[in-house]
Amino acid sequence: MSLSSLSIRNQLPGSVTAITAGEVMATIRVGLAGGQDLTAAITREAVEELGLATGTAVLALVKSTEVSLATGRVEGLSIRNRLPGTVREIVTGGAMASVKVTVEGGELTAAITTDAVTDLGLSAGTPVVALIKSTELSLSTR
């Protein structure tokens, strides 16, 4: 199921594999349909309202402006969500570009500057790693 009424185009299906609750926030581990894992940091209130438990089917949602791209090995970085993929398409404008990245089991769109496209040497077929902070990942029950 896709939440087509949302402006968020990045919607990856998966299921909850682990929940670590804290006082106010919780980390939710999501196993994606393509086999990768993501971690979302959401409020405990949201966990309760969504009725999240191990095995719950969810959509992992992230705005394209919150997806960063790297072209090489990523080390020494606090960002836990790292999805390897391949650039499928780039649409450039004056200052910004929309980069579509094929990942195992889906596709992500990253909104980055045209300067970044040039500096990274991105083109169709370029291998990349999509980086998403856990605090920028939202979850929806399907």
Side-chain angles (χ1 to χ4, degrees), residues 1-93 95-117 119-142:
M1 172 184 153
S2 175
L3 301 175
S4 58
S5 62
L6 290 177
S7 64
I8 298 174
R9 298 296 90 186
N10 293 320
Q11 302 179 18
L12 301 171
S15 61
V16 174
T17 59
I19 299 173
T20 305
E23 291 293 319
V24 176
M25 299 290 290
T27 57
I28 311 299
R29 194 89 162 144
V30 176
L32 299 179
Q36 314 91 324
D37 288 318
L38 290 178
T39 299
I42 63 175
T43 64
R44 279 187 69 169
E45 182 179 11
V47 172
E48 293 166 9
E49 287 177 2
L50 292 171
L52 297 181
T54 301
T56 301
V58 295
L59 282 176
L61 310 168
V62 63
K63 291 173 55 176
S64 60
T65 53
E66 300 302 333
V67 178
S68 297
L69 299 176
T71 55
R73 186 171 169 87
V74 180
E75 294 184 28
L77 193 62
S78 65
I79 297 174
R80 300 291 106 197
N81 296 315
R82 305 168 187 196
L83 298 175
T86 304
V87 173
R88 183 178 65 78
E89 177 184 24
I90 302 171
V91 178
T92 57
M96 298 295 292
S98 175
V99 181
K100 294 195 183 305
V101 177
T102 301
V103 297
E104 192 70 37
E107 183 173 272
L108 287 172
T109 299
I112 63 175
T113 65
T114 54
D115 287 345
V117 170
D119 291 348
L120 293 172
L122 298 180
S123 62
T126 303
V128 294
V129 177
L131 305 165
I132 306 163
K133 290 179 66 173
S134 61
T135 53
E136 299 305 326
L137 197 63
S138 296
L139 298 177
S140 173
T141 52
R142 305 187 284 154

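- Considering only heavy atoms from C-beta on, L38 comes within 4.5 Å of L83 through its side chain.
- Partners of T39 by side chain to side chain donor-acceptor pair (under 3.5 Å), not counting sequence neighbours, listed by chain and number: R29.
- T56 has its side chain out of reach of L50: every pair of non-hydrogen atoms, C-beta onward, lies at least 4.5 Å apart.
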Go through the steps for L77 and R82 under the test side chain to side chain contact (heavy atoms under 4.5 Å, CB included), then give the verdict.
-> CA-CA 10 Å; L77 193 62; R82 305 168 187 196; 3.7 Å; yes

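- Annotation: side chain to side chain donor-acceptor pair (under 3.5 Å) contacts of E23 (sequence neighbours excluded): none.
- When all heavy atoms of A70 and V74 are compared, the pair lying nearest together is CB-CG2, 3.7 Å.
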Please test T71 against L69 for side chain to side chain contact (heavy atoms under 4.5 Å, CB included), starting from the C-alpha separation and ending with a verdict.
-> CA-CA 7 Å; T71 55; L69 299 176; over 6 Å; no

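- The two residues A110 and V67 have their closest heavy-atom pair at CB-O, 3.6 Å.
- Across all non-hydrogen atoms, the minimal contact from T54 to T17 is CG2-O, 3.9 Å.
- The CG atom of L61 lies 13.0 Å from the CD atom of E66; values are rounded to the nearest 0.5 Å.
- With rounding to the nearest 0.5 angstrom, the OG1 atom of T102 is 10.0 Å from the CD atom of E89.
- In terms of heavy atoms, A60 sits closest to L139 at CA-CD2, 4.0 Å.
- In this structure, the side chains of L12 and L108 come closer than 4.5 Å at one or more pairs of heavy atoms.
- With rounding to the nearest 0.5 Å, the separation of CG in N10 from CG in L59 is 11.5 Å.
- Within 6.0 Å of CD on E45 lie no more than 12 heavy atoms contributed by other residues, nucleotides or ligands.
- Judged as a salt bridge (Lys or Arg N to Asp or Glu O under 4.0 Å), and not counting sequence neighbours, the contacts of E107 are R88.
- Contact record, G93 with T114: O-CG2, 3.3 Å, taken as the closest heavy-atom pair.
- Minimum heavy-atom separation, T109 to S98: CG2-OG, 3.3 Å.
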Chi angles and distances behind the side chain to side chain contact (heavy atoms under 4.5 Å, CB included) call for I112, L122 | CA-CA 11 Å; I112 63 175; L122 298 180; 3.8 Å; yes

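- How far OG of S78 is from NZ of K133: 6.5 Å, rounded to the nearest 0.5 Å.
- Checking side-chain atoms of E104 against main-chain N and O of Q36 turns up no donor-acceptor pair under 3.5 Å.
- Distance check: L32 CG to D37 CG gives 7.0 Å after rounding to the nearest 0.5 Å.
- Between the OG1 atom in T65 and the CE atom in M96 there is a gap of 8.0 Å [rounded to 0.5 Å].
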